[in-house]
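Here, residue 1 is the first one in the sequence, and each next residue gets the next number.
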Amino acid sequence: MKILQNSIFFALILMLFYGCNISPYPKQNQTFSAIFLGDSHIATDDMASGFKNELFDKTNSPGFATALLPKYHLNSEISYQNNGFEILNSQNNNNAKKYGFCGVNALAKDAGASIELDAKNFNTLFNFQISFIGDISIIDNTKKSYKISNNTQNFKSESLKLKFPIKIIANKKNTTISNYKITTNTPIYVSSCGINGASSGLYKKWQINKNDLNYDLVVIAYGTNDAFNDNLDEAKFYQNLKELITIIKSANKNAKILLLSPPPTPKPKFTNVKNMIKKLAKDEKTLFYDIEDFINKTGSKTKWIEQGLSQKDIHLTRQGYKKVGENIAKTLKNKILK
């Protein structure tokens, strides 16, 4: 009887201990995917990295990536080598006939142009999905070669089983690549789709397919550049984000949606933008997180600058973005993962 009592006692202790320190990492065969959509605050993946590292002990997939990275953008999971592709950015370039999801195209200047991809933290066989127009060959680490083509005027996705590093070769001039999605069979990842200078309506330039929004969580983080417009049409700003939410819900009714209001910006329209985002979250019944409120509660913009968490302009430092991502995960963990 005493042995039984002791066993129950130690079992309760273990339950209490692990109950307080339980890792949020999903059980075997569970999956989780999230993407951050936004402007320069998202263009490096630091906020997504902080969010991811707070939620999970580890992830197992690189997830989403644009075909190539514009200047000042970052994907910490993927390394790129470009030989002969031109980067077309939907924010500042209207030369492309069509942009794929996330609004960054890689256009082959000539046949034979190539992109090499590597992911040093991931060395197993992956599901590699590529969205493109034209004719390409792909060679992976096993030296297998695959040829795929899409002769339509719309971006189309093809999926292959590959192992890094990967070399993608354009077989024809003007072949265009939009993005990749790189996953295991039970993927766990958090990715970014951010463009410097993006405002709330930029997504209207993109071809968005249903599969592009196949995520458990979609984070929307626009507003800073809209706030810089002294003639901002507030109704249009609200409508732009509302239409984006409608697109997400139509493509994926099970996705959770999180709206972020931007870091503090010394512009007259900032408060209006923040209030409209908060109102939209309430109207559309989405999650909401206030970055300015978090900065104020943990000191102030001035304190963050002193601590190396914020730059003197509208941007945070890489450590600052990671800190915000971590707090978003801590604050909303139960709502995101349930």
From CD (Gln30) to CD1 (Ile188), nearest 0.5 Å: 8.0 Å
Would you say the side chains of Asp118 and Tyr80 form a donor-acceptor pair under 3.5 Å? no
Looking at every heavy atom in both Ile78 and Ala65, which two are closest together, and how far apart are they? CG1-CB, 4.3 Å
To check you understand the geometry: which heavy-atom pair defines the closest contact between Ile195 and Ser90, and what is its length? CD1-OG, 3.8 Å
Could you tell me if His41 and Thr224 have a donor-acceptor pair between their side chains, going purely by distance under 3.5 Å? yes
Heavy-atom side-chain contact between Ile220 and Phe36 under 4.5 Å: no
Closest heavy-atom pair and its distance - Ile139, Ser145: CG1-OG, 4.0 Å
Any non-hydrogen side-chain atom of Glu326 less than 4.5 Å from a side-chain atom of Phe51? no
Is the shortest side-chain N to carboxylate O distance from Asp216 to Lys256 below 4.0 Å? no
Are Tyr180 and Ile166 close enough that some pair of their side-chain heavy atoms sits under 4.5 Å apart? no
I'd like to know if Glu234 pairs up with Lys236 as an ion pair, taking the criterion as any Lys NZ or Arg NE/NH1/NH2 lying under 4.0 Å from an Asp or Glu carboxylate oxygen. no
Go through it in stages, so that I can follow the logic: the residues are Phe294 and Trp304, the test is ring-ring contact (aromatic ring centres under 6.0 Å, His included), and I'd like the CA-CA distance, side-chain angles, deciding distance and then a yes or no. CA-CA 11 Å; Phe294 172 60; Trp304 273 47; 5.7 Å; yes
Regarding Gln81 and Asn83, do their side chains bring together a donor and an acceptor under 3.5 Å, going by distance alone? no
Under 30°, 30 to 60°, or over 60°: which ring-plane class applies to Phe101 and Phe64, parallel, tilted or perpendicular? perpendicular
Looking only at heavy atoms, which two atoms of Thr176 and Leu107 are closest? And how far apart? OG1-CD1, 3.3 Å
Pair Asn105-Ile87, side-chain contact (heavy atoms from CB on, under 4.5 Å): steps then yes or no: CA-CA 6 Å; Asn105 290 353; Ile87 298 174; over 6 Å; no
Distance from Ile295 atom CD1 to Lys323 atom NZ, nearest 0.5 Å? 10.5 Å
Asp45 versus Ser192, side-chain donor and acceptor atoms under 3.5 Å: no
Between Ile35 and Met47, is there a shared hydrophobic cluster once you connect ILVMFWY residues whose side-chain heavy atoms come closer than 4.5 Å? no
State, without any angle test, whether Asn123 and Lys163 hold a side-chain donor-acceptor pair at a distance under 3.5 Å. no
Taking atom types as modelled, find out whether Asn127 and Asn185 have a side-chain donor-acceptor pair closer than 3.5 angstrom. yes
Between the side chains of Glu77 and Lys120, is the shortest nitrogen-to-carboxylate-oxygen separation below 4.0 Å, so that they form an ion pair? no
More than 12 heavy atoms of other residues, nucleotides or ligands under 6.0 Å from NZ of Lys249: yes or no? yes
State yes or no: do Leu258 and Leu241 share one hydrophobic cluster built from I, L, V, M, F, W and Y residues joined by side-chain heavy-atom distances below 4.5 Å, directly or via other members? no
Step by step, work out the side chain to side chain donor-acceptor pair (under 3.5 Å) result for Thr142 and Asp140. CA-CA 5 Å; Thr142 65; Asp140 78 346; 2.6 Å; yes
Passes side-chain contact (heavy atoms from CB on, under 4.5 Å), Leu260 versus Tyr222? Steps please. CA-CA 8 Å; Leu260 303 184; Tyr222 294 104; over 6 Å; no
Taking the cut-offs as 6.0 angstrom to the six-membered ring centre and 45 degrees off its axis, would you call Lys181 and Tyr215 a cation-pi pair? yes
Does the side chain of Ser40 pick up a donor-acceptor pair with the side chain of His315 at under 3.5 Å? yes
If you round to the nearest 0.5 Å, how far is OG of Ser137 from NZ of Lys167? 11.0 Å
More than 12 heavy atoms of other residues, nucleotides or ligands under 6.0 Å from NZ of Lys144: is that the case? no
Should Ile133 and Leu68 be counted in the same cluster of Ile, Leu, Val, Met, Phe, Trp and Tyr side chains packed under 4.5 Å apart? no
For the atom pair NZ (Lys285) and CG (Leu280), what is the distance rounded to the nearest 0.5 Å? 11.5 Å
Are the aromatic rings of Phe164 and Phe122 close, with centres under 6.0 Å apart? no
Check the side chains of Thr175 and Asp135 for a donor-acceptor pair under 3.5 angstrom, ignoring hydrogens and angles. no
Are Asn211 and Gln129 close enough that a side-chain donor and a side-chain acceptor fall under 3.5 Å? yes
Side chains of Thr44 and Tyr72: closer than 4.5 Å at any heavy-atom pair? no
Counting only N and O atoms by type, is there a donor-acceptor contact under 3.5 Å from the side chain of Thr317 to the main-chain atoms of Leu309? yes
Just so I know, are the side chains of Pro70 and Val104 near enough to count as touching, which here means a heavy-atom distance under 4.5 Å? yes
Beyond-backbone contact of Ile130 with Ile136, side-chain heavy atoms, under 4.5 angstrom: yes
The reported gap from CD in Gln91 to OG in Ser199 (rounded to nearest 0.5 angstrom) is 6.0 Å
Take a 6.0 Å sphere around NZ of Lys282 and say whether it holds more than 12 heavy atoms from other residues, nucleotides or ligands. no
Could you tell me if Lys204 and Asn240 have a donor-acceptor pair between their side chains, going purely by distance under 3.5 Å? yes
Go through the steps to decide whether Val324 and Leu316 satisfy the test side-chain contact (heavy atoms from CB on, under 4.5 Å), and finish with yes or no. CA-CA 10 Å; Val324 169; Leu316 307 182; 3.8 Å; yes
Distance-only side-chain donor-acceptor flag, Thr152 / Asn154, under 3.5 Å: no
Neighbour count >12 (heavy atoms, 6.0 Å) for atom NZ, Lys97: no
Mind running side-chain contact (heavy atoms from CB on, under 4.5 Å) on Lys52 and Glu54 for me, showing each step along the way? CA-CA 5 Å; Lys52 172 180 62 181; Glu54 178 63 30; over 6 Å; no
Separation of Asp293 CG from Ile291 CD1 (nearest 0.5 Å): 11.0 Å
Between Asn327 and Tyr289, is there a side-chain donor-acceptor contact under 3.5 Å, judged purely by atom types and distance? yes
Nearest heavy-atom pair of Ala108 and Ala113: which atoms, and what distance? CB-CB, 4.0 Å
Between Val218 and Leu244, is there a shared hydrophobic cluster once you connect ILVMFWY residues whose side-chain heavy atoms come closer than 4.5 Å? yes
Under 4.5 Å between any side-chain heavy atoms of Pro262 and Phe270, yes or no? yes
pair Lys161-Phe126: side-chain heavy atoms closer than 4.5 Å: no
Is the backbone of Pro165 close enough, under 3.5 Å, to the side chain of Asn141 for a donor and an acceptor to pair up by distance? no
Measure across Gly197 and Asn225 and return the closest heavy-atom pair with its distance rounded to 0.1 Å. C-ND2, 3.3 Å
Any luck finding a side-chain donor-acceptor pair between Lys269 and Asn229 under 3.5 Å? no
Taking the six-membered ring for Trp, are the ring centroids of Phe56 and Phe32 within less than 6.0 Å of each other? yes
More than 12 non-hydrogen atoms from neighbouring residues, nucleotides or ligands closer than 6.0 Å to NZ on Lys172, yes or no? no
Same cluster or not: Phe288 versus Leu217, using hydrophobic residues (I, L, V, M, F, W, Y) connected whenever any side-chain heavy atoms lie under 4.5 Å apart? no
